[in-house]
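For reference, the structure discussed in these notes is given below.
Keep in mind that this is a model prediction, so the values were computed, not measured. Side-chain atoms are counted along with the backbone in the values below, which use heavy atoms only and exclude waters and symmetry mates.
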Amino acid sequence: MPNTPICQSCAMPMDEPAKFGNEPDGSPNNDYCCHCWKNGKFAYQSTLEQAVENNIPWWRGEGESDDVARARIMEVFPKLKRWAE
């Protein structure tokens, strides 16, 4: 899907309204997904390294090692708003 926004914390595609995080008033947050941003704040506090390790299961392709997934994540996460700041 062209121009689909991605979460600026975990890179999840936000291709439907339910996938957007929410502000305290219920309005959507356009930068972060529903897993990373809840009620106007990050749902979890972690370092970049912890976030990478926690996301390996979702990035690992069939038959891929954790190291391959980790390398792919590290090509993306450091460029995302949450981790680049």
Side-chain angles (χ1 to χ4, degrees):
M1 182 176 239
N3 298 319
T4 298
I6 63 168
C7 177
Q8 292 297 303
S9 179
C10 73
M12 181 178 94
M14 298 186 305
D15 54 2
E16 59 186 61
K19 292 183 179 177
F20 285 79
N22 67 307
E23 298 299 337
D25 66 1
S27 64
N29 179 286
N30 292 322
D31 289 329
Y32 302 107
C33 75
C34 59
H35 303 290
C36 295
W37 192 260
K38 296 177 188 243
N39 297 315
K41 60 184 177 183
F42 287 112
Y44 61 91
Q45 296 300 316
S46 69
T47 64
L48 171 61
E49 292 76 18
Q50 290 167 328
V52 169
E53 294 303 311
N54 290 337
N55 278 277
I56 286 173
W58 291 277
W59 282 68
R60 189 175 45 231
E62 189 173 328
E64 268 186 353
S65 70
D66 286 0
D67 289 338
V68 170
R70 187 177 295 108
R72 285 193 299 121
I73 294 169
M74 285 304 296
E75 291 176 8
V76 176
F77 276 29
K79 298 173 188 168
L80 298 175
K81 182 177 179 178
R82 182 174 186 183
W83 310 114
E85 295 179 340

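- Hydrophobic cluster membership is shared by Ile6 and Trp58, with clusters built from Ile, Leu, Val, Met, Phe, Trp and Tyr side chains linked at under 4.5 angstrom.
- Side chain of Asn22 to backbone of Lys38: no donor-acceptor contact under 3.5 angstrom is found.
- Taken from CD in Gln8 to CE in Met14, the straight-line distance is 7.5 Å, to the nearest 0.5 Å.
- Note that Arg82 lies in the cation-pi zone of Phe42, set by a 6.0 Å cut-off to the ring centre and a 45° limit from the axis.
- Annotation for Met12 and Cys33: closest pair CE-CB, 3.6 Å, computed over non-hydrogen atoms.
- Partners of Lys19 according to the side chain to side chain donor-acceptor pair (under 3.5 Å) rule, which considers only residues two or more places apart in sequence or in another chain, are Asp15.
- For the pair Trp83/Ser9, a side-chain contact is recorded, criterion being any heavy-atom separation below 4.5 Å from C-beta on.
- Once rounded to the nearest 0.5 Å, the distance linking CD1 of Ile73 with CD of Glu49 reads 12.0 Å.
- Under the 4.5 Å side-chain criterion, counting only non-hydrogen atoms from C-beta, Cys10 is not in contact with Tyr32.
- Counting only heavy atoms from C-beta outward, the side chains of Phe77 and Asn55 approach each other to under 4.5 Å.
- Note that CD of Glu64 is 11.0 Å distant from CD1 of Ile56, once rounded to the nearest 0.5 Å.
- Side-chain atoms of Trp37 and Cys7, non-hydrogen and from C-beta on, never get closer than 4.5 Å to each other.
- With contacts defined as side-chain heavy-atom distances shorter than 4.5 Å, the pair Leu48/Pro78 qualifies.
- In this structure, Thr4 and Pro13 approach most closely via the heavy-atom pair CG2-CB, 4.1 Å.
- The line from CD of Glu23 to NZ of Lys41 is 12.0 Å long, rounded to the nearest 0.5 Å.
- Under the side chain to side chain donor-acceptor pair (under 3.5 Å) criterion, Arg70 pairs with Glu53, Asp67, not counting sequence neighbours.
- Taking SG from Cys34 and CG from Asn29, the interatomic distance works out to 11.5 Å, rounded to the nearest 0.5 Å.
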